[in-house]
Structures are given as structure tokens and as C-alpha cells.
Number of protein chains: 2
Amino acid sequence: MKKIKKPESLADQAYNLIRKDILTGILAPNEELREEKLAIELGISRTPLREAIRRLATDGLVVLKTGKPASVSSFTKEDALHQMEVRKLLETYNIEQVARFVTPTFLNTLRDNLKLQKQASDKNDFHEFMELDREFHLILANQNPNTKLREMIHTINTGVNRAFLILANTYPISAMEASGEHEDIFTALENKDEVAATKAMLEHMDNIERRFLHYYKKG
Amino acid sequence: MKKIKKPESLADQAYNLIRKDILTGILAPNEELREEKLAIELGISRTPLREAIRRLATDGLVVLKTGKPASVSSFTKEDALHQMEVRKLLETYNIEQVARFVTPTFLNTLRDNLKLQKQASDKNDFHEFMELDREFHLILANQNPNTKLREMIHTINTGVNRAFLILANTYPISAMEASGEHEDIFTALENKDEVAATKAMLEHMDNIERRFLHYYKKG
DNA sequence: GTTGTGTATTCTGTATACAGTATATGCGAA
DNA sequence: TTCGCATATACTGTATACAGAATACACAAC
């Protein structure tokens, strides 16, 4: 039977709202999150807002300094590269595992996603593409039975995407190269070729890093 | 110049206290953390306590269900094995990197730790040994310049150690096999042999898993 | 004895009030 | 003008108060 859906708590809603604003760049790095001001803006009290902010802090999206207002976290080039190094490790490990248990449903889900990616790419709808990109890697991760690994991939990808997004906002077109690389990964999975899949993922990761550095120099 | 140390906030103190109690097993899995009751016990109000509990939840040490009391998280055999799989990946990757940049200070720190491990092992002081074990892996992780990787190793090791601790409480002696394995890792690092170091770490991880399963069957 | 229902209790989620501290402002002295 | 200091302001950290939901329990009906 279907469960009755409970309304999200105010803290949850605040968390999701602020998170989205940070990830889409509406809230810029180093921007201060003054509790009372923000609470009034959101129409809630400080208590649930504080909870949301603390949670964002453990995600690494905001930083807390005792007695001072929380602020949106900034990150250096080094931070971004560190995250990508870990992401590379996790994503390649994951796809090697996943490639061994390819199911038709799994392939179909990926195929659907890729189709939408192509459409977004053709329309130059960059934000939509970013979202689908995130989803693509999510689908891959969720195929792994190891829940802990899944969690970690989710977290690290959020961080990386944020770094990338902020830069890529200025250079959207080139980022869509990724679409082709996703296709390569898919083909390897379709052929149940775990070696090729791992290789394709590794190349994808290297290319992301390359693009990041390219944009970074320019930006 | 040395910074003036500020007193920890009540929330921080509560976090550390409860965390320790969970990790040492004083608070058993599934035990409920009733806010008002706990707050009174700790001599603080619910507000900072709530913050502490939420933070523990993101660490995976307690689970929250809306409207119901938070409870100390339990874990299945599968959870533990998942965590160990990820740990294996991260720790072997890390040591391969670290083995390339071995400094004398680093070796000395490890040597000191190993000496203490041996002493604890000889005295059958299991809790002390567990603490040093944790520290040993912490030293290895902290040698890596990648802060993100360090963070992740810390988190995952906390989880694994907890799983292991609870079981191992009943079978302390055999867990001290680990001491010898740590020595092997150290020797490989001393020789700046990254292949041997990686191999030693992998064996260590496999042995931890083996011991876990052995205890699990018995327990 | 078992099932169902209503009530009492207890707990969380949220709002608000208060205290202490850090920051900003303004004024006077050098 | 510039520095020092005092005062005012604003913000966080914490406590408490209140409302609504979940649970436990008792009692009635079968």
C-alpha cells in the first residue's frame, strides 16, 4: 500500500531551499547567512533555520565560526582538485563493480537519461544538462549494492558539481562535451565490458578535470 | 602567536560526550535518546542537545525519525561489510600515495605509535590498543595532502571501528593480531616500497574483515 | 479473552525571550 | 588627521514556552 506522505519539516524545507540556492550560485561563496534576516525572509523562526544551516555545514556548503554569522563556503582550486581526485577513485571503482551486473532496466534508465541529455545539449540548456549529468552519475551509483559507497559518491559529486557549475556558468558550451563521454560509458556497459567501462569513466573524469583547469585559467 | 582558546560551546561538548558514549558502547545500538531526559542529565537545555544529536545523525551514529525520539544507530553485518569495502578502497589508495613521500618525522611518529601499541598489546589493554589503532590509521591519512580524502578516511574508520569494537569487546585478544600487521605496513614504508606497503595494507584490511566475520559468527 | 476506541501522557517541532559577546560608531585627545 | 576608548548595535548561543503528533493505557463492547 502507498504510504501517506507527511509534510516536510520546516528545517527540511529550509535545508533544501538554501542548498539549492548555493548549488545554483544564487547564494555566492562567502555570502553571509544572518540567521534572523534569513529566517524572516523564509517566513520561519530561527530554530529550524539553524538546524538547516548546521546540516549544510556538515555537507561542506557553509562554514561556521562561533559567534559570527555562517557563510557560504568558498573553495580554492586545490579543494576542487582534491575532490576530483577522490571522485575519480570512487566512480571508477563503482563502475567496475556495476558493469558486472548490468540489467535491462538499468540500461533503459540510462538510455532515457542520455536522450534527455542530448536534447538539453541541442537546446543549449545548460542548467538542465547539469541536472541530467548529476542524475546520470546518480543512476550509476545507485546500481551499486553498497549503500555506503553510494552515499559517498553522492556527497562528493555534489561538491564537485558545485565547483564546476560556478566556473562553467561562464563557459557552458564546452561542458557539453561530457554528453559524448557519457555515451561512451553507456556503450561499454551495454557490451558488459567492465574494462572498457572503467576506462571510459576514467577518461571522463580526466576530461572533467581538464575542462575545469581550462575554465579556471580563463575565469 | 598562540591563539587564545575559547571554551567549547555546549553543543560541541554534548556532541563529543554522546559520541564517545556511542563509540565505547556505553550507549547501545537502538537505545533511545529522549531529548528532555538527556538534556537534564547533561545539565543543559534541549536546544544545544538537539544540535549535537543532529550532527551525530549526519555521522551515521544516530538515526532520526520525525516526531519520534532519536536512537543510536544499529548496523547489520551487511552495513559493516559495506563500510569495510569502502575503507579498503580508501586506505589502499592512500598508502600508495603516502609511500611516495616518506619523511623521517613521519616514520618517527609511526614508530612511537607502534611502540605504544606493543605495550598495550602486552598488557592486554584492549581499549588503549583500539585507540592507538585508530591513531595509527589517522597518522597515515593525515600524511596525504588531499584534505577531502583525509576527511573521508576519518569518517569511514570511525564507523568501522565502532562495528568492530562492539563485537570485539567479547574477543579482545585475537584483535591484537592487528599489531603485527601494522608493523608490516611500517616496514614497507621504511623501505619506501610503495608496492609492498599497498600489499601490506590490503592484507591488513582483509584480515580485519576476516576477524570481523569470525567474531560475528560466534557473537 | 480479545478487539476497538477514547483519553491521558509524553515527546518532538517550532517560536520566542534573554544573555553575553563581537562589531560598528562616534567622540575626544594627541 | 589619527589613535584610543567608550558606548551603542547587532548577532549568535542558550533557555524556555507552547502546539501538535505519537504512544501508552484503561475501559467498554463483543
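Just so it is clear: chains get the letters A, B, ... in the order the sequence lines come, proteins before strands, and each one is counted from 1.
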Exceeds 12 heavy-atom contacts within 6.0 angstrom, atom CD of B/E32 = yes
Which residues satisfy the side chain to side chain contact (heavy atoms under 4.5 Å, CB included) test with A/K88, sequence neighbours excluded?
-> A/L202, A/M205, A/D206, A/E209
Which whole-number value in Å describes the distance from A/E36 CD to D/dC11 C1'?
-> 8 Å
Whole-Å distance, A/E32 CD to D/dC11 P, equals 9 Å
Which atom pairs, one a donor and one an acceptor, fall under 3.5 Å between side chains of residues 138-145 of chain A and the rest of the protein, sequence neighbours left out?
{"residue": "A/N142", "atom": "OD1", "partner": "A/H154", "partner atom": "NE2", "Å": "3.2"}
{"residue": "A/N142", "atom": "ND2", "partner": "A/L138", "partner atom": "O", "Å": "3.4"}
{"residue": "A/N144", "atom": "OD1", "partner": "A/N146", "partner atom": "N", "Å": "2.9"}
{"residue": "A/N144", "atom": "ND2", "partner": "A/N94", "partner atom": "OD1", "Å": "2.8"}

Over how many whole Å does the gap from B/K68 atom NZ to D/dA22 atom P extend?
-> 9 Å
Check: A/V160 and A/V86 side chains under 4.5 Å, non-hydrogen atoms = no
Pairing residues for B/E51 by the salt bridge (charged side-chain N to carboxylate O under 4.0 Å, His left out) criterion, not counting sequence neighbours = A/R50, A/R54, B/R55
Rounded distance in Å - CD (A/E35) to C1' (D/dG13) | 9 Å
Whole-Å distance separating the CZ atom of B/R34 from the C1' atom of C/dT9 = 12 Å
Would you kindly give the CD-to-C1' distance between A/Q13 and C/dT14, to the nearest whole Å?
-> 13 Å
Side-chain heavy atoms of A/L27 within contact of A/L33, under 4.5 Å = yes
When you measure from every atom of DNA chain D, which of residues 49-65 of chain A have a heavy atom less than 4.0 Å away?
-> A/R50, A/R54
What residues form a salt bridge (charged side-chain N to carboxylate O under 4.0 Å, His left out) with A/K20, not counting sequence neighbours?
-> none
Using the ring of each side chain (for Trp, its six-membered ring), is A/H182 parallel, tilted or perpendicular to A/F129, with breaks at 30° and 60°?
-> parallel
Take atom CG of B/L10 and atom C1' of C/dG20, then tell me their distance rounded to the nearest Å.
-> 13 Å
Among residues 40-48 of chain A, which contact DNA chain D at a heavy-atom distance under 4.0 Å?
-> A/R46
